[in-house]
Amino acid sequence: MSKNFYQETDDIIERFELVTERIATIKDDKELPESLQAYFNQVADFIMAVQPVLEKVISGEISNRSLEECKADHDRIFSIYSKDTYENSFLCPTFAVEHLGQEIGGILSAVFYKLTDMVRAAFAGRLDIFTIYCELFMEIYGVCQMESEDKFRREDIQSSLSSFRHDYCQIFLGESLISMVDPEYDFYTDIIMNADLSDDRYLYRYGMYISDNELKMAAHLRSMPAEEVAAMARTYVEGYIKGFEVCGKDISIKETVGVNAPAGFELMTREAIKMFNQAGLAATVRFGGKEGRNLFSTVPNKQCEYDHKDDRAYVWDKGLADRMLEVVKNTFEKHKELAAVYGGPAVIETFGEVPFAPVNYPANAQYTDKQNELNVYFMSQNGQITNQYIKGEERSFTIISYPIPEIGDQFNEIFNETVAVNTMDYELYKNIQQHIIDVLDQGETVHVTGRGDNHTDITVKLHHLDDPSNQTNFENCVADVNIPVGEVFTSPELEGTNGVLHVTQVYLNELCYKNLEMKFEDGKITSYSCSNFDTEEENKKYIFDNVLFKHETLPIGEFAIGTNTRAFVMGQKFGIADKLPILIAEKTGPHFAVGDTCYSHSEDVPMYNPDGKECIARDNSCSLLRKTDISKAYFNCHTDITIPYYELGDIIVHTADGRELPIIVQGRFVVPGTEELNKVFE
């Protein structure tokens, strides 16, 4: 472990020994009701299953494990996530409520889920964090030993959990922020750069769930010629660097890049980090896990993750929100020099997992309306603080995506085709897309309609161009920040953008939506629905939580036309359209993003297309509020919703003088100079 993470002390060692000795004796206690004792026995078993790994790390034995020992440790710890085990354990809120009652079942399940974070602490050798989690467990155990009604126990459990989050916010939240900007936090980087990647044992050093996806992906990259792996890394790195150039941002003032990558891709990631280093950028690699991207692996049980996504509701109040914001502010202030030279994330995404359709269970935690308002407040304030230290007008990013073996028997063919899609001809698409932009820039509005079962009918209002010879509404997006090539996009005028957006099925952030429909008036959502669940209330809550991110409404932040017909055909040919990530899916048809614009926090930075014209459509009436009340300007979310070509009717540009200029008719491009895009359909 990097010296910057943690220094072991006699106090921590003594606390660790005391608390783990006590946990080992819990099964001998007979003071609690049978079901409640069963809960503590089960959690204690989990802790004692993890503890040997921590001890191996501390003793230095962790690197000497055989592959069989690695797998045994892994399976012992992660077996609790298997479907049958999970559904019959207290980790499942439904099971916990059934056996412990409504008052304390849900919150005790949330405590169990929180304690699963000790796994990565153990593998990282963090005796301090492991001890802190054990002490939380024993404090909750002490609370439940008190003879009282469940409702009083619940209040005391909530108090303990709330104090835990307050007291250790600096460790958990603060270190997460520091490890984003400080390359000296090198636990994961060290594994990627220095481990023997020919030996699968390195994967079991992360402390993450390792499935066949990670093992087979590592094997696949080992089977590829080294120059092909290097070419993949080069596409990724050059996309990041090109993103700064295209946006007119100075990469020379940056010293670090956040490498976000999946386990199993280390051969590519190692090459990329070397290339970043050669370009003068040190890599930071954070653990992603429940926190999102960064270093991540297959989720062992997506329903478990979904069941617990709102657990913070048990303790979420203004005091905790302000404490977290205080930590964010203080951490960035203390490390402002590092934050200033952080360039932004370079992301490798994966796709191909079996699509997940979650089930809503009554036992799961739910935010109140007041807490939802607090969520919006926190996201807004957190975004403002972050942008103060990592300035939007100076940072950039890139994202590239590859399939994983779970995608099916045709993995090799799909992988090769994805590599080809990710490296398509930059110049060819730049020229084709310019033809489309030249037509769009003549327009006052754009009318988009669906066909067949798709009843999209929406009119998009474009910004007025005062100087068409030097200005444009649409960015010519090729392969830089968003790889692969293939879209032109704008931030529409909200006032005058009206209609219905509909898709029969779409996956957004790995969640399936059936018959997703949104109605817009003056560019803002006025109603929404889907058909995933039996009741309208459930469907609305699903969208409210996972698309609107608990905002009462969101504006249209982007209108785009995807032009990567080859990616679309890839999805159809291999039957993986429902598995394509939004990064690729957004290039396979027109899409609308709800939330912030693509220029969020960078609206005042001039943006130019390859033809020299300035993209002037960087603001809307929401983002302009930053000049008077920044808390109302940003929503801190941006979700792309794509209409696939086979559901798309027409895209027609309407000019101020009454002309109608078609871009797409019945799902096919009709602008002269775009004929190449239709060839793959033949």
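It should be emphasised that the depicted structure is a prediction, and the values quoted were computed from it without experimental measurement. Heads up: numbering here begins at 1 and tracks the sequence. Computation of the quantities below employed the complete heavy-atom set of this structure, encompassing side-chain atoms and omitting hydrogens, waters and symmetry-equivalent molecules.
Remark: S82 engages T85 in a side-chain contact (heavy atoms from CB on, under 4.5 Å) (not counting sequence neighbours). Residues forming a side-chain contact (heavy atoms from CB on, under 4.5 Å) with S531 (at least two apart in sequence, or on another chain): K514, N515. Annotation: side-chain contact (heavy atoms from CB on, under 4.5 Å) contacts of T298 (sequence neighbours excluded): Y209, S211, N213, E214, E353. Considering only residues two or more places apart in sequence or on other chains, Y513 meets the ring-ring contact (aromatic ring centres under 6.0 Å, His included) condition with Y542. For F46, the ring-ring contact (aromatic ring centres under 6.0 Å, His included) test picks out F112, with sequence neighbours left out. Residues passing the ring-ring contact (aromatic ring centres under 6.0 Å, His included) test with F351, sequence neighbours excluded: none. Partners of T459 under the side-chain contact (heavy atoms from CB on, under 4.5 Å) rule, at least two apart in sequence or in another chain, are T445, H447. Remark: Y507 pairs with no residue by the ring-ring contact (aromatic ring centres under 6.0 Å, His included) rule, at least two apart or across chains.
Applying the side chain to side chain donor-acceptor pair (under 3.5 Å) test to every pair with at least one member in residues 549-558, sequence neighbours left out, gives these pairs: D545-K550, E558-H591, E558-H638. Applying the side chain to side chain donor-acceptor pair (under 3.5 Å) rule to pairs touching residues 356-365 yields Y306-N360, D307-N364, sequence neighbours excluded. Residue pairs that meet the side chain to side chain donor-acceptor pair (under 3.5 Å) test with at least one member in residues 314-326, sequence neighbours left out, are W316-N375, K318-D322, D322-Y377, R323-E326. Pairs passing the salt bridge (Lys or Arg N to Asp or Glu O under 4.0 Å) check and including a residue from residues 82-105, sequence neighbours excluded, read K83-E87.
The local environment of CD in E538 is crowded, with over 12 non-hydrogen atoms from other residues, nucleotides or ligands closer than 6.0 Å. Residue K541 places its NZ atom among more than 12 non-hydrogen atoms of other residues, nucleotides or ligands, all under 6.0 Å distant. A 6.0 Å sphere centred on NZ of K461 holds more than 12 heavy atoms belonging to other residues, nucleotides or ligands.
A pairwise comparison of heavy atoms in I556 and P492 identifies CG2-CG, 3.9 Å as the closest pair. Taking every heavy atom of both residues into account, L108 and Y39 meet most closely at O-OH, 2.6 Å.
Looking only at side-chain heavy atoms (C-beta outward), M570 and V421 come within less than 4.5 Å of each other. Within the 4.5 Å cutoff, the side chain of F474 has heavy atoms near those of the L462 side chain.
The aromatic rings of Y206 and Y188 are tilted relative to each other, their planes meeting at an angle between 30° and 60°. The aromatic rings of F90 and F95 sit perpendicular to each other, their planes meeting at more than 60°, with 30° as the lower class boundary.
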Just do the side chain to side chain donor-acceptor pair (under 3.5 Å) check on E647 and H502 with the steps written out, would you?
-> CA-CA 10 Å; E647 290 190 13; H502 172 247; 5.4 Å; no

Just do the ring pair (Phe, Tyr, Trp, His ring centres under 6.0 Å) check on F397 and Y240 with the steps written out, would you?
-> CA-CA 6 Å; F397 67 94; Y240 184 80; 8.7 Å; no

Going through the checks in order, is the ring pair (Phe, Tyr, Trp, His ring centres under 6.0 Å) test met by Y645 and F568?
-> CA-CA 8 Å; Y645 293 121; F568 172 80; 4.9 Å; yes

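Q388 places no side-chain N or O within 3.5 Å of a backbone atom of I385 that could act as its donor or acceptor partner.
No hydrogens or angles considered: nothing links the side chains of R618 and S491 as a donor-acceptor pair under 3.5 Å.
A salt bridge between D619 and R626 is present, with a side-chain N of the basic residue lying under 4.0 Å from a carboxylate O of the acidic one.
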